[in-house]
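Before any comments, here is the structure.
Quick caveat, the model's predicted, so the values are computed rather than measured. The analysis underlying the following values was restricted to heavy atoms, covering all of them including side chains, and did not include hydrogens, waters or symmetry mates.
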Amino acid sequence: MGQHAQEADAAAAVDFKEVQSTERFQQLRKRHRSFVFPMAIAFLLWYFAYVVLADYAVGFMSTKVWGNINIGLILGLLQFVSTFAITGWYVSYSNRKLDPIAAEIRHEIEGHEFDKHGNQIGGATK
């Protein structure tokens with residue numbers, strides 16, 4: 001309970017509005033949005049294209065490719081593949097472009113250094 005109280009006190013002492021107005025935070029926010037918004041739009045367009053094709057292009061979607069496998073099944077499975085690909089791409093992007101800035105901001109706020117797993121380096125442990 002004592003450790004929890006110290007964390008709450010440290011968080012209460014931070015002026016989050018001030019942190020949000022810093023150049024580093026604005027850069028972090030811009031980088032995050034520059035990846036997430038276009039990717040979300042692209043994925044939603046891809047998803048709705050699949051739904052529209054399934055509803056209005058039944059002949060095309062039921063075209064046999066190999067045995068009982070048709071274009072609709074392939075495109076449906078590609079929905080899953082694209083979801084995992086986007087997730088992997090975001091993790092890579094975040095590790096390279098977002099996490100270093102977030103770690104700097106966190107260091108400025110908390111006055112501690114953390115490794116890539118979020119564990120405090122030196123001093124008291126969590």
ILVMFWY cluster, [X] and [Y] together (side-chain gap under 4.5 Å):
X: Phe35; Y: Phe84; answer: no
X: Leu77; Y: Val51; answer: yes
X: Tyr47; Y: Leu45; answer: no
X: Phe48; Y: Val81; answer: yes

In Å and rounded to the nearest 0.5 Å, what is the [atom1] to [atom2] distance from [X] to [Y]?
X: Leu53; Y: Tyr50; atom1: CG; atom2: OH; result: 9.5 Å
X: Glu23; Y: Ile101; atom1: CD; atom2: CD1; result: 10.0 Å
X: Leu44; Y: Met39; atom1: CG; atom2: CE; result: 11.5 Å
X: Thr83; Y: Trp46; atom1: OG1; atom2: CH2; result: 9.5 Å
X: Arg29; Y: His32; atom1: CZ; atom2: NE2; result: 10.5 Å
X: Leu28; Y: Arg33; atom1: CG; atom2: CZ; result: 10.5 Å

Quick check: does any side chain N or O of [X] sit under 3.5 Å from a backbone N or O of [Y], one acting as donor and the other as acceptor?
X: Arg31; Y: Lys97; value: yes
X: Ser94; Y: Val91; value: no
X: Glu104; Y: Arg24; value: no
X: Thr22; Y: Glu18; value: no
X: Ser92; Y: Gly88; value: no

Original post:
Looking just at side-chain N and O atoms, do Ser62 and Asn70 make a donor-acceptor pair shorter than 3.5 Å?
Top reply: no
Original post:
Would the number of heavy atoms belonging to other residues, nucleotides or ligands and lying under 6.0 Å from CZ of Phe43 be above 12?
Top reply: yes
Original post:
Taking atom CG of Asp55 as the centre, does the number of heavy atoms from other residues, nucleotides or ligands within less than 6.0 Å exceed 12?
Top reply: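 More than 12 within 6.0 Å, yes.
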**OP:** Take Leu75 and Met61 through the side chain to side chain contact (heavy atoms under 4.5 Å, CB included) test and state the conclusion after the steps.
**Re:** CA-CA 9 Å; Leu75 292 179; Met61 294 293 270; 3.8 Å; yes
Original post:
Can you say whether the rings of Tyr93 and Tyr90 are parallel (under 30°), tilted (30 to 60°) or perpendicular (over 60°)?
Top reply: tilted
